[in-house]
Amino acid sequence: MNVLIIGSGGREHAIAWKVAQSPRLSKLYIAPGNPGTLTCGENVSLDTSDHAAVVRFCKDKQIDLVIVGPEIPLAAGLVDSLSESGIHCFGPKQAAAQIEASKVFSKDFMRRHHIPTARYATFTQLDDAIRYLESVDYPIVIKASGLAAGKGVILPETFEEAKSTLEYILIDKTFGNAGSEVVIEERLSGQEVSLMAFTDGTMIVPMLPAQDHKRLLDDDKGPNTGGMGAYAPAPAFTTEMMNEALETVLKPAINGMRMEGNPFVGVLYAGLILTENGLSVLEFNARFGDPETQVVLPLLKTDLLDIAEACANGTLANVNIKWKKGTAVCVVLAGKGYPEKVESGKSVKLKSLPQNMVCFHAGTKQDGTNVITSGGRVLGLTAWASDISETIEKVYANIDKISFDGMQYRKDIANRALDGEK
Ligand code: AMP
Ligand code: GLY
């Protein structure tokens, strides 16, 4: 198979790394890719917002399957353009990607299909939103409805803070059009679990549950980030919870999308919170999570191309998806200043790693024969081993194989899982 992967982050390096292991692979392209994906296939500088150019590339290179990593091309309808030209894709069409791209759509969809989620209301007008704020007697969360690169969710502590948040989203348009509508929802508490699942639109198969660490500093302190590390499987997520999620979240979501005429193909990511009253959905994403993918794919035994092709063809029921025993841990190595202003252009040194480890590239770029930093989250160092304590030890014992100026990382990734270890 000739395969094209769209994207350039740690998630796409993890996908490319897994696809490159497939005996069915003839040629792998990654657009635009990064210095890490260069070890898996050929990076191509395609403008992925130019759908006609992507279609031309696929025809020219006889691409059998396109795997779309990030949400932006999905929300822009890249899969629709490719499908219209007869090119097979692993990823949802634009209408189905709304489950992530519009939080208003997503919340209303959950309400229609009785999927457990926090109480909420949606607003386009500041006055109405403020009146609602005055009427609720519980802590709330404010969310810009559209895609805001992970920055559109605010947890205000006071009424005044909530009011100014609404003003800067709805009036100052800090998130542009993504903030023309807001969701105000009840704040829930509990452990969060990322549950991703493969789906062909009818059949849905969950992956191993993962947990990520959103705060910058140890002990969940400091500002929110795109994710400072992850581990899988998450021991906090029991078999009973998995069954509950399958019956109350994943199946109703996939059936609901299909019944509404928008079958969802690809990876459905449910961001779950385990509350005292059972599990609840914080958000859906229409793609693999990052950094969760960096710990889930190393544990996948089955050929990812078999799965992705079956999803695209509607034959997922014929694939037996298997997982390795053991656990995986990923520690994100971020640049100085992340998540605010990051210094880039620092030279990255990478020494070779032992077996069952891989360093996924996220914010790096090639500079002649050197690799330099080019983003906040620079690398994701992943290890897998038989149990969680061994895996944590392994990943931290090898951090010194990597260095760049200003490198920062959390020292407590996956410690939470130790408490849950049997
Ligand atoms: P979202 O993008 O909607 O998942 O929100 C990002 C993060 O904000 C989540 O991972 C949670 O940590 C937090 N969050 C979102 N919604 C809620 C909620 N209703 N209650 C508590 N925390 C939330
Ligand atoms: N790790 C959260 C996400 O991928 O959206």
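In listed order, ligands and their atoms are each counted from 1. Position 1 is the first residue of the sequence; numbering continues from there.
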Which atom pairs, nitrogen or oxygen on both sides, join ligand 1 and the protein at under 3.5 angstrom?
residue	atom	partner	partner atom	Å
ligand 1	2 (O)	Lys103	NZ	3.4
ligand 1	2 (O)	Glu283	OE1	3.0
ligand 1	3 (O)	Lys103	NZ	3.3
ligand 1	3 (O)	Lys143	NZ	2.8
ligand 1	4 (O)	Glu283	OE1	3.4
ligand 1	4 (O)	Glu283	OE2	3.0
ligand 1	10 (O)	Glu192	OE1	2.6
ligand 1	12 (O)	Glu192	OE1	3.3
ligand 1	12 (O)	Glu192	OE2	2.5
ligand 1	16 (N)	Lys143	NZ	3.0
ligand 1	16 (N)	Glu185	OE2	3.4
ligand 1	19 (N)	Glu185	OE2	2.6
ligand 1	19 (N)	Glu186	O	2.9
ligand 1	20 (N)	Leu188	N	2.8

- Item | Side chain proximity check, Val3 to Asp64, heavy atoms < 4.5 angstrom | no

Can you give each donor-acceptor pair under 3.5 Å made by side-chain atoms of residues 124-131, sequence neighbours left out, with the distance rounded to 0.1 Å?
residue	atom	partner	partner atom	Å
Asp128	OD1	Arg131	NH2	2.8

- Task: Taking all non-hydrogen atoms of both residues into account, name the closest pair between Phe288 and Met207 and its distance.
- Result: CE2-CE, 3.6 Å

- Query: Relative to each other, are the rings of Phe105 and Phe109 parallel, tilted or perpendicular (30° and 60° limits)?
  - Reply: parallel

- Message: Taking the side chain as everything from C-beta on, heavy atoms only, tell me whether Pro32 gets closer than 4.5 Å to Asn43.
- Response: no

- Query: Just by distance, with hydrogens left out, do Asp218 and Tyr409 show a side-chain donor and acceptor under 3.5 Å apart?
  - Reply: no

- Task: Go through the structure and list residues passing side-chain contact (heavy atoms from CB on, under 4.5 Å) with Ala144, not counting sequence neighbours.
- Result: Ile169, Phe175

- Item | ligand 2: protein residues within heavy-atom distance under 4.0 Å | Asp212, Lys214, Tyr269, Asn285, Arg287, Gly289, Asp290, Glu292

- Query: How long is the gap from SG on Cys40 to NE2 on His13, to the nearest 0.5 Å?
  - Reply: 4.0 Å

- Query: Among side-chain atoms of Lys107 and Thr122, is any donor-acceptor pair under 3.5 angstrom?
  - Reply: no

